[in-house]
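This report refers to the structure that appears directly beneath it.
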Amino acid sequence: MRHSIGIRRRWMINNLIYIALIIAICVGVFSVSAMNYYYVNIRTGLINSAEMSAEYFSRDLTLSMDSFYQNAKRNLVGTPSMRNVERQILFSNGRIVMSSSGLPAGLRPETPEIADAVALNKTSAFVGRDAYTGERIMSVSSPLVSGDDKVVGVVRYVTSLSVVDRRILLQTIAALLVGAIMILLVFVSNKYFLRSIISPLREVTDISKKITKGSYGATIDNKYGDEIGELVDSINEMSAEIARADKIKNEFISSVSHELRTPLTAIIGWGETLTAVGFENKEEAARGIEIILKETRRLSKMVEELLDFARMESGRFTLYVDTVNLKAEFEETLFMYGDTFRKAGIVTDYTNDIEDDIYINGDRERLKQVFFNMLDNAMKHGGEGGRIDMSILREGKNVCIKIRDYGAGIPEDELPYVKMKFYKGKSKAQGNGIGLAVSDEIVNLHGGRLDIESREGEGTTITITLPVKETEE
């Protein structure tokens, strides 16, 4: 819960801050653009009007002051005032001569564009607050030039900006409202989006906790068709694998316990018998010693397999590589195992299509270990078939050893797992599920491949493929 809330908060804060910042910038740009648009249009209109009036009145100045005053009075006082525009004529000292609104003569507006127009002999504009009313205004002053090119006054146009500023403010507020609605929509959509992520994450977290507490095999109903669905599939697969591994582990512990108990029981039983009875009955004593030796060898073999497995898991499983006559080593192993097959009543058939010796780079003892394991498996799991076929043949740059039994075979659903450590499947034969995994690792370290083909009711074929030594190619 703590992590999901953290994700939600971080997501919301980051997204909303960025979006609010973007909207604020957009509203600011819009407001400034609107202000510039209105102000530029008003200023352009005032400048054009002021310059036209100044040019008109300047012509009267070249005639006479009388003509100037008469025209000025007629145009400023007698003509209806322009909408929201105050028209004034001022002396060069900045005092009003006359105005369209009837402002008293001699009043000084005291806006800087008046002095600029007089000093620079060009139209000048001002935006700011009126010194008398405190109202925001825009004023434009255009110089009046006499016949001797002397600036004797200015024509000043003034308009209030209150209406324009109010309009800009309303448009800005409207833009802010639109931005607020956008933020609200983003907030709602993000909340829905986060819910679609957080909910499955909570399910994954809950299942992970259950798995941690031992509920192996627990799964999540996958209702998602995106990356969340892939995560759910991975969690379900992991849970199934953990359940399978746990089952295999438990079966291994049970199997090893049984495998160790059986020879130990025989050894202890016969040891106690021989201790109590002595060696008076030589035949029975010899039988007891033979059983003790046989079970001791079984224990030794299991311990060696466990040690090999431990080395394999820790990465300390190494080979002592030398040039090995593979054909000779395999045939020697068959000879050593021949008596065991005969005692078990199993008929063997060995086929060899290689006339000469064949050499590989390998560890002689480890390869024999693989051969013994495979022959032992064939006898334990396929011995009821009464027959085992073995062959060695050359296939290009490789040599292949095949061992085929005619036993019950391996069920199709178990075949992908038979080389996994600890796996025994439904077989009731003796073994701890390590020998095949160790053998597979040994063959892989030799650069080879161990393949298993099987059909239920038809038996199993194990193929060991190893690369031939380069000098032999």
Side-chain angles (χ1 to χ4, degrees), residues 1-48 83-85 111-113 116 123-130 133-140 157-209 220-235:
M1 180 69 72
R2 181 175 67 254
H3 298 299
S4 64
I5 291 174
I7 290 172
R8 182 182 287 111
R9 282 180 179 169
R10 288 197 300 273
W11 182 278
M12 286 293 191
I13 289 171
N14 290 342
N15 270 351
L16 293 181
I17 284 176
Y18 288 136
I19 291 169
L21 183 61
I22 291 170
I23 289 174
I25 292 171
C26 291
V27 170
V29 171
F30 170 78
S31 179
V32 170
S33 299
M35 182 182 291
N36 286 337
Y37 173 78
Y38 286 116
Y39 282 19
V40 166
N41 283 341
I42 293 170
R43 185 169 60 248
T44 302
L46 291 178
I47 288 173
N48 290 338
R83 186 182 177 186
N84 299 323
V85 177
T111 52
E113 95 284 353
D116 290 342
T123 304
S124 182
F126 165 76
V127 176
R129 295 199 175 274
D130 186 275
T133 65
E135 185 180 18
R136 273 178 56 79
I137 62 168
M138 180 182 289
S139 59
V140 172
Y157 276 58
V158 185
T159 186
S160 172
L161 294 176
S162 57
V163 174
V164 174
D165 287 346
R166 192 179 300 113
R167 185 177 299 172
I168 293 170
L169 178 62
L170 289 174
Q171 291 178 351
T172 302
I173 291 172
L176 286 172
L177 286 174
V178 171
I181 292 171
M182 289 177 62
I183 290 174
L184 180 62
L185 290 174
V186 170
F187 175 80
V188 172
S189 64
N190 275 357
K191 199 168 184 181
Y192 174 78
F193 173 69
L194 284 171
R195 188 182 293 115
S196 70
I197 292 178
I198 298 301
S199 295
L201 283 180
R202 283 177 179 167
E203 287 187 58
V204 170
T205 302
D206 292 341
I207 288 295
S208 299
K209 288 179 180 178
I220 307 168
D221 184 20
N222 194 346
K223 303 168 287 187
Y224 316 98
D226 50 14
E227 289 81 359
I228 296 292
E230 293 178 9
L231 175 63
V232 169
D233 285 338
S234 297
I235 294 292

> Under 4.5 Å between any side-chain heavy atoms of M138 and L46, yes or no?
Replying inline: yes

> Is a donor on one side and an acceptor on the other found under 3.5 Å between the side chain of S31 and the backbone of V27?
Replying inline: no

> Rounded to the nearest 0.5 Å, what separation is found between the CE atom of M182 and the OG atom of S189?
Replying inline: 10.5 Å

> Could you give the distance from CD1 (I137) to OG1 (T111), rounded to the nearest 0.5 Å?
Replying inline: 6.0 Å

>> Please check: side-chain N/O of R129 versus main-chain N/O of G134, any donor-acceptor pairing under 3.5 Å?
In response: yes

> Rounded to the nearest 0.5 Å, what separation is found between the OG1 atom of T123 and the CG atom of D116?
Replying inline: 11.5 Å

>> Please report the interatomic distance CD1(I22) to CD1(I17), rounded to the nearest 0.5 Å.
In response: 12.0 Å

> Is it true that a side-chain atom of T133 and a backbone atom of E135 form a donor plus acceptor pair closer than 3.5 Å?
Replying inline: yes

> Are the side chains of L161 and V127 in touch, meaning some heavy atoms are under 4.5 Å apart?
Replying inline: yes

>> Working to the nearest 0.5 angstrom, can you tell me the gap between T159 OG1 and R136 CZ?
In response: 12.0 Å

> So which heavy atom on R43 is nearest to which on A125, and how close?
Replying inline: CD-CB, 3.8 Å

> Y39 and D165: side chain to side chain donor-acceptor pair (under 3.5 Å), yes or no, with the steps?
Replying inline: CA-CA 10 Å; Y39 282 19; D165 287 346; 2.5 Å; yes

> Side chains of F30 and I25: closer than 4.5 Å at any heavy-atom pair?
Replying inline: no

> Below 4.5 Å, heavy atoms only, C-beta onward: do Y38 and Q171 meet side chain to side chain?
Replying inline: yes

>> If you compare all heavy atoms of V158 against all heavy atoms of S139, which two are closest, and at what distance to 0.1 Å?
In response: CG2-CB, 3.9 Å

>> Would you compute the distance between atom CZ of R167 and atom OG of S162 and round it to the nearest 0.5 angstrom?
In response: 11.0 Å

